[in-house]
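Chain naming here is simple, since letters A, B, ... match the order of the sequence lines and numbering starts at 1 in each.
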Amino acid sequence: MPPDAASNTRHLIGLNPEQRAAVSHTEGPLLILAGAGTGKTKTIVHRIAHLIRVAEVHPARILAVTFTNRAADEMRERVQDYVGPEAKRVTLSTFHSLGVRILREHGHRLGLPKKFAIYATADQLGALKTACAEISIDDNRFDLKKIQFQISDWKNRRVSPEQAKRELSEEGDGTRADAYAVLAATAYPKYEEVLRACGAVDFDDLLLLPTQLLEQDEEARRALWKRWHYVMIDEYQDTNGVQLDMARLLSGSRRNLCVVGDDDQSIYGFRGAQVGNILEFERHFPGARVIRLEQNYRSTKRILAAANAVIAANTARHEKTLRTENSVGAPIEQVEHDSEIAEAESVAREITTRRLMHKLPFGSFAVLYRANAQSRVFEEVFRNRNIPYRLVGGTSFFERKEVSDAVAYFRAIAHPDDEIALRRIINYPTRGIGRTTVLKVVEFARAENIGFARALKEVTADVIGAAALRAIQQFLLLLEDGRKELHAAEAETALNRPKEGTTPLGRWALAFLEKTGIEQEVRSDPRNAKSADARADNLKDLAGTITRYERRVWDERFEPGANPDDEEWEPPTLSGALSRLALDDRPDEEEDDRVDQHRVTLMTLHSAKGLEFSDVFLVGLEDGILPHSRSIDAPNGAESLQEERRLLYVGITRARQRLTLSYCRQRKRAGGAIDCLPSRYLTDIPQDLLNIRGSNVELPPEESKQLRQNFFANMKAMLAE
DNA sequence: GTTGCGTTTATTTTT
DNA sequence: TAAACGCAAC
């Protein structure tokens with residue numbers, strides 16, 4: 001707690017004037033334009049403290065919304081450190097968890113079952129496949145992902161199936177309606193039907209349905225207005241149309257809405273984010289106060305000058321110029337290479353020497369690129385040169401095949417109507433229920449006008465044959481037994497807070513997975529020869545995740561500041577574990593994996609948002625890569641190119657001390673080598689900030705001598721350690 | 001249901 | 001170039 005605990009300005013200490021203004025503005029709409037590295041989180045944390053301690057707002061009346069679990073965790077931690085235990089009563093949640101919470105409480109008013117399943121990408125695709133099959137859209141001839149994308153886009157813009165159809169027919173102005181849009185418009189209503197029949201919602205629904213509920217249902221609206229009086233939203237530049245409406249509805253007539261963001265870092269337009277939300281905030285919320293945070297505490301003057309120059313070329317933005325009291329810093333290196341291999345070799349060499357010359361840990365370096373595929377060369381070269389690295393991105397834990405198969409089993413247990421889950425596992429491991437049998441069951445279900453799950457129970461031998469029937473009955477028995485044992489485990493875990501060691505649900509999960517035979521199946525698949533043990537471990541980890549979930553639920557009940565008799569508290573269930581899994585797919589230990597002292601970080605520019613490194617390499621800065629060729633010839637080219645430029649801006653502003661920009665003259669792609677030109681954005685950086693050179697140019701002799709001395713001194717010191 | 005071969009295609013992805 | 005996918009044959 002700050003020293004002057006009695007004064008009303010205690011939470012303003014250590015802040016600059018703009019940050020102070022943001023903290024002390026408590027009533028009415030507020031837009032905080034927080035440039036990169038300007039102390040955004042600090043400002044939010046102090047503002048929450050100010051609301052609680054000075055404005056005397058009850059912590060439970062405050063709602064703070066983020067996009068990522070990581071951001072939510074960080075904010076929770078910092079608020080609790082600064083304010084103390086009562087800050088636990090603040091609702092701090094991601095958009096999607098907030099949606100789940102609202103739907104759990106009020107979803108029955110929309111006809112949702114109490115325990116609904118949440119479909120992430122793979123399941124969405126499964127549901128869409130089922131929907132398309134019913135209306136004879138051949139999933140071999142058409143790319144369902146495109147249809148899925150279109151439907152998702154509609155849902156994010158709050159276009160209903162009826163509107164989607166109308167929107168298409170109204171496009172009679174000569175513009176040819178996209179063939180996929182037509183298919184999507186046909187599939188859309190069916191897809192929604194399938195979801196509801198499975199008792200499921202997709203990720204978009206987690207935002208869309210609560211918004212609809214708030215709009216239509218006076219009672220639900222009042223309940224939420226009673227609960228939250230102050231709403232804050234982080235990373236507002238990434239919100240989409242639904243989230244804008246959600247923000248409006250949640251803040252209600254009090255209009256105590258504080259949004260924080262940076263339009264210059266809006267890089268998720270391709271996923272439906274609307275920069276317009278942050279650009280038009282004052283129009284959406286008349287009378288809004290706008291505060292700009294432009295004092296940067298992260299980067300050198302040169303780095304900021306480059307960032308400012310790059311972003312200034314964008315139109316349609318809130319004017320901002322970052323400034324800093326940090327030192328001028330080293331010149332920015334701009335390096336040309338012959339090939340991507342030369343580029344990677346050069347980065348490796350630079351890291352090795354800089355580490356020794358400046359005595360830096362590997363963790364202070366990051367290599368940032370546009371697309372994941374670019375990481376490969378770096379991985380190979382780093383491996384050869386024994387540079388430890390950490391690759392961020394790629395397929396996540398829960399996308400791994402064996403894990404999602406196991407999760408499908410859990411889902412089939414927890415949500416008996418979940419057709420998508422059932423169909424995924426019905427013949428995995430192989431148990432003699434092939435494609436034709438499944439199709440016959442689907443046919444039977446349609447004829448009887450019942451769901452797939454019920455059809456499995458009621459189908460007879462004359463429809464599918466005796467052997468298949470026996471197989472199905474065995475399968476159902478497996479699930480039924482699993483369900484019985486689960487109920488016992490749930491009853492047990494609801495009773496007592498688990499002590500050390502295993503937990504009831506965790507034990508159940510392990511035992512049930514054993515019975516499914518997934519592990520055996522994984523081990524016997526020759527394709528898994530090398531990875532069998534790792535995959536088997538993943539299954540164990542999944543059970544571990546459930547154990548940790550169980551403990552966490554109980555911990556939440558008894559942690560300081562919480563009320564143990566809170567009526568809202570619910571004991572752990574498998575269904576609860578699954579929705580948490582769907583919303584937060586980080587395997588537990590790796591929570592803070594984005595920061596690691598001992599390894600160089602390799603990641604995309606997108607993943608780098610929000611992070612900082614003292615030494616940053618931006619690689620592959622070529623036209624066609626950044627901006628990406630798809631952006632160059634996108635239909636909304638101008639918009640798209642501005643987003644690419646923002647990507648470069650995000651990259652530059654990750655660097656604290658040193659920044660290296662590089663590009664290749666040639667690069668292997670689609671078979672042969674193609675010639676590349678430097679990124680068009682590079683010319684916007686003033687030359688006097690840059691030290692332009694080719695790959696193999698030596699440093700000036702003076703500097704070189706000095707550095708060599710450091711090199712040997714540091715090497716000695718490091719060896720001595 | 002599995003295997004192997006030919007064909008296709010290659011951004012970013014907080015939840 | 002390589003990996004991922006679909007399809008046909010076993």
Side-chain angles (χ1 to χ4, degrees), chain A residues 65-74 93-100 118-121 123-124 138-141 143 145 149 152 155-156 201-208 234-235 237-240 242-243 261 265-273 340 368-377 392-396 398-399 427-437 521 524-527 579-586 594 603-611 620 624-634 640 643-644 646-648 650-651 667-674:
Chain A
V65 189
T66 62
F67 273 82
T68 66
N69 294 296
R70 186 171 270 113
D73 288 349
E74 189 197 342
S93 152
T94 64
F95 265 107
H96 294 264
S97 315
L98 177 67
V100 170
I118 298 169
Y119 280 7
T121 354
D123 311 304
Q124 278 178 33
D138 183 356
D139 62 322
N140 288 326
R141 282 186 53 211
D143 184 357
K145 280 192 188 140
F149 186 84
S152 174
K155 289 176 102 164
N156 288 154
V201 300
D202 67 15
F203 266 29
D204 301 321
D205 286 331
L206 292 180
L207 307 175
L208 185 59
D234 192 17
E235 303 283 10
Q237 77 281 354
D238 294 333
T239 52
N240 62 31
V242 183
Q243 286 158 328
Q265 293 185 70
S266 163
I267 53 175
Y268 285 102
F270 70 95
R271 271 180 102 260
E340 65 264 50
L368 308 181
Y369 37 80
R370 174 69 237 260
N372 281 122
Q374 290 170 256
S375 70
R376 255 192 80 155
V377 197
V392 178
T395 37
S396 81
F398 288 92
E399 276 169 23
N427 204 30
Y428 185 88
T430 332
R431 54 169 70 83
I433 311 174
R435 238 171 66 103
T436 27
T437 304
E521 184 70 16
S524 63
D525 190 331
R527 281 173 303 188
S579 53
R580 213 176 270 225
L581 248 57
L583 294 173
D584 184 358
D585 66 354
R586 293 170 297 173
R594 291 214 296 186
M603 67 182 160
T604 63
L605 289 163
H606 282 90
S607 325
K609 198 178 76 169
L611 301 178
I625 292 190
L626 188 80
H628 196 274
S629 48
R630 293 251 212 170
S631 297
I632 296 173
D633 34 55
S640 211
E643 184 156 314
E644 296 288 298
R646 294 194 287 262
L647 221 30
L648 176 58
V650 167
R667 164 179 303 272
K668 289 207 181 58
R669 223 163 55 168
I674 56 157

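- Computed from coordinates, the A:L647 CG to B:dT12 P distance equals 11 Å when rounded to whole Å.
- Between the side chain of A:R376 and the base of C:dT1 there is no donor-acceptor pair of N/O atoms closer than 3.5 Å.
- In terms of phosphate contacts, A:S607 brings no side-chain nitrogen or oxygen within less than 4.0 Å of OP1 or OP2 of B:dT14.
- In terms of position along DNA chain B, the nucleotide closest to A:N427 lies nearer the 5' end than the nucleotide closest to the other residue of the pair A:N427 and A:A373.
- The distance between atom CG of A:D584 and atom C1' of B:dT13, rounded to the nearest whole Å, is 16 Å.
- Applying the 5.5 angstrom centroid cut-off and the 30 degree plane-angle cut-off, the aromatic ring of A:F270 is stacked upon the base of B:dT12.
- A:D73 places its CG atom 13 Å from the C1' atom of B:dT14, with the value rounded to the nearest Å.
- Under a 4.0 Å N-O distance rule, the pair A:D238/A:R271 does not qualify as a salt bridge.
- Rounded to whole Å, the distance from CD on A:E521 to C1' on B:dT2 is 12 Å.
- In the set B:dT14, B:dG1, B:dT12, B:dT14 carries the atom at the smallest distance from any side-chain atom of A:R271.
- For A:T430 and B:dT2, the shortest distance from a side-chain N or O to OP1 or OP2 is below 4.0 Å.
- The NE2 atom of A:H628 sits 10 Å away from the P atom of B:dA10 (whole-angstrom rounding).
- In this structure, A:E521 CD and A:T430 OG1 are separated by 4.5 Å, a value rounded to the nearest 0.5 Å.
- At B:dT12, one or more side-chain N or O atoms of A:N372 fall inside 4.0 Å of OP1 or OP2 (strictly under the cut-off).
- Taking every heavy atom of both residues into account, A:H96 and A:L583 meet most closely at CB-CD2, 3.8 Å.
- Listed nucleotides: B:dT15, B:dT14, B:dT12. Nearest to the side chain of A:H96: B:dT15.
- Of the candidates B:dT14, B:dT12, B:dT15, the closest approach to any side-chain atom of A:D238 belongs to B:dT14.
- Atom OH of A:Y268 is separated from atom P of B:dT11 by 16 Å (rounded to the nearest Å).
- Legend: residues meeting ring-ring contact (aromatic ring centres under 6.0 Å, His included) with A:F270, ordered by chain and number and at least two apart, are A:Y268, A:H606.
- Of the N and O atoms on the side chains of A:S152 and A:D204, at least one donor lies less than 3.5 Å from an acceptor on the other residue.
- Taking atom CG of residue A:D202 and atom P of nucleotide B:dT13, one finds them 21 Å apart after rounding to whole Å.
- Listed pair A:T604 / B:dT13 meets the phosphate criterion, a side-chain N or O lying under 4.0 Å from OP1 or OP2.
- Residue A:A371 has its side chain nearest to B:dT12 when only B:dT12, B:dT15, B:dT14 are considered.
- Separation of the C1' atoms belonging to C:dC5 and B:dT12 is 23 Å when rounded to the nearest angstrom.
- One can place CG of A:D204 at 18 Å from P of B:dT13, the figure rounded to the nearest angstrom.
- Taking atom C1' on both nucleotides, B:dT13 is separated from C:dA2 by 23 Å, rounded to a whole Å.
- The listed nucleotides are B:dA10, B:dT13, B:dT15; the one nearest the side chain of A:R630 is B:dA10.
- A:Y369 meets the side chain to side chain donor-acceptor pair (under 3.5 Å) test with no other residue; sequence neighbours excluded.
- Heavy-atom nearest nucleotides on DNA chain B were determined for A:E643 and for A:A582, and the one closer to the 5' end corresponds to A:E643.
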